[in-house]
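Following: one structure in structure tokens, then a few remarks.
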Amino acid sequence: MKLAIVVPCYNEEEMLPQTTSELLRVLEGLQSAKKIEQGIVLYVDDGSHDRTWQLICELASKYTQVKGLKLAHNAGHQQALWAGLEWAAVNADAAISIDADLQDDVNAIVEMVDAWRGGVDIVFGVRKERKTDTLFKRHTAQGFYKLMNALGGEVVYNHADFRLMSRRTLQALVSFPERNLFLRGMVASLGYPTAQVFYDRKERLAGESKYPLSKMLSFALDGITSFSVRPLRYIVMLGMLFILISLAAIIYGVVVYFEGKTIPGWTSLLVSVWFIGGSILMAVGIIGEYIGKIYKEVKRRPRYFIEKEI
Ligand code: UDP
Ligand code: MG
């Protein structure tokens, strides 16, 4: 059996030598324990501006296990990972995706392979705690997972992109035709047998984070909007709420009017502001419902995957 480790890299020249030796060590361990027949480290250079690609070339000529793909421009972490997984769906029996900075524990790879050999298709790497994160990152990340679940997107709590996927789940994944990628959600929605492996996440060993706040926010927004049309439905509800408030305002306004405690024009203004506001919101929400349907249709996601057949 052939195992590929897919590593997206963006300006990771400082990390690559160490990452390579760690990953090769794990692969050799797996090979000598006869758990896999062949191990590959596939680096996907996501349009780096530093010596990342030269390094990948040097490593590939030194070690036969190392292979590389170079993207022509910086397409983003998720797209780079996708490129690697697409390659793995054809060339390997299973793929593990991991970041180049080795923040995720490479020793968890052994447990993942064990679970896979035991018949599990997808093994999620889940962080035990977030001690190494700043307070800010910890709270924003946890808030994101909660919001995502509340909005109906399937995400595994505290799982990022460190996971093993079997060949058939890779093939299922690459049959998703959409361009907006939120891989952790897409993989969780496949529905094949899954397992979780817990590990401690470390500090980045060298270089700095390639995910500044701006990229993190746009990633979170992408995640929500590519998995949930519920925000659109909430607009309809808000519109209804405003119309209800306008009913209350009508009654209140009329009562105050007949009591003579008001200046001319106030009642009609008060009532129309709430009523018009509510109607507009509801109308926008209803349009949103249709857009949500169109959105799902244009994604043309596969309808189902068959897990077993007898
Ligand atoms: N990465 C990438 N393209 C990008 C940004 C990041 O391929 O545009 C890669 C990066 O090289 C690393 C992984 O994505 O392997 C995760 O990035 P990083 O460790 O900087 O994110 P953090 O751990 O800080 O969230
Ligand atoms: Mg990192």
Side-chain angles (χ1 to χ4, degrees), residues 4-23 26 41-56 59 66-88 95-106 108-109 124-145 148 155-163 179-185 187 199-223:
I5 301 186
V6 177
V7 191
C9 312
Y10 179 55
N11 296 343
E12 298 283 5
E13 58 180 8
E14 287 141 306
M15 278 308 307
L16 278 182
Q18 196 179 350
T19 307
T20 309
S21 62
E22 290 274 316
L23 291 177
V26 173
V41 178
L42 175 73
Y43 288 117
V44 185
D45 176 13
D46 185 16
S48 301
H49 303 297
D50 63 359
R51 294 189 58 252
T52 299
W53 181 247
Q54 281 103 299
L55 270 176
I56 295 173
L59 289 163
V66 174
K67 298 187 189 300
L69 292 178
K70 185 180 191 311
L71 304 192
H73 70 292
N74 181 226
H77 176 212
Q78 300 287 296
Q79 311 288 342
L81 197 50
W82 178 274
L85 294 177
E86 238 173 358
W87 183 90
I96 290 178
S97 47
I98 189 169
D99 289 351
D101 58 4
L102 294 188
Q103 283 186 286
D104 305 309
D105 187 2
V106 291
I109 290 177
F124 296 108
V126 177
R127 315 171 51 161
K128 277 192 217 146
E129 36 67 53
R130 288 181 165 267
K131 264 189 280 185
T132 52
D133 277 348
T134 59
L135 205 65
F136 177 73
K137 175 123 185 185
R138 188 155 60 213
H139 284 293
T140 47
Q142 277 168 353
F144 169 68
Y145 286 112
M148 208 45 214
V155 281
V156 178
Y157 196 66
N158 272 350
H159 161 70
D161 281 308
F162 181 31
R163 70 183 150 257
R179 295 292 180 266
N180 280 297
L181 297 182
F182 184 65
L183 286 170
R184 62 192 74 167
V187 173
Y199 67 96
D200 285 315
R201 189 160 154 120
K202 292 172 277 194
E203 307 257 11
R204 189 179 242 281
L205 289 172
E208 48 198 47
S209 174
K210 310 299 184 283
Y211 260 99
L213 186 64
S214 56
K215 261 193 198 172
M216 242 164 67
L217 280 178
S218 88
F219 180 57
L221 257 179
D222 266 357

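Bear in mind the structure is a predicted one, so any value in this text is a computation, not a measurement. For ligands, and for the atoms within them, numbers begin at 1 and follow the listed sequence.
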Looking only at side chains, do Tyr43 and Thr20 share a donor and an acceptor under 3.5 Å apart? yes
Quick one: does Asn11's side chain have a donor or acceptor within less than 3.5 Å of a partner on His49's backbone? yes
Check whether Gln103 reaches the backbone of Glu203 with its side chain - one donor and one acceptor, N or O, closer than 3.5 Å. no
Thr52 and Glu13: which non-hydrogen atoms are nearest, and at how many Å? OG1-N, 3.5 Å
So which atom in Glu12 and which in Asp50 form the shortest heavy-atom distance, rounded to 0.1 Å? N-OD2, 3.6 Å
Students should find this: residues with any non-hydrogen atom under 4.0 Å from ligand 1. What is the answer? Pro8, Cys9, Tyr10, Glu12, Asp46, Asn74, Gly76, His77, Asp99, Ala100, Asp101, Gln103, Lys137, Arg201, Arg204, Ser209, Lys210, Tyr211, Lys215
Using a cut-off of 2.8 Å, how many protein N, O or S atoms lie below it in distance from the Mg ion (ligand 2)? 2
Distance from [X] atom [atom1] to [Y] atom [atom2], nearest 0.5 Å?
{"X": "Glu14", "Y": "Leu55", "atom1": "CD", "atom2": "CG", "result": "10.5 Å"}
{"X": "Lys215", "Y": "Phe219", "atom1": "NZ", "atom2": "CZ", "result": "11.5 Å"}
{"X": "Ile5", "Y": "Lys67", "atom1": "CD1", "atom2": "NZ", "result": "13.5 Å"}

Hey, is Arg201 close enough to Asp104 for a salt bridge, meaning N to O under 4.0 Å? yes
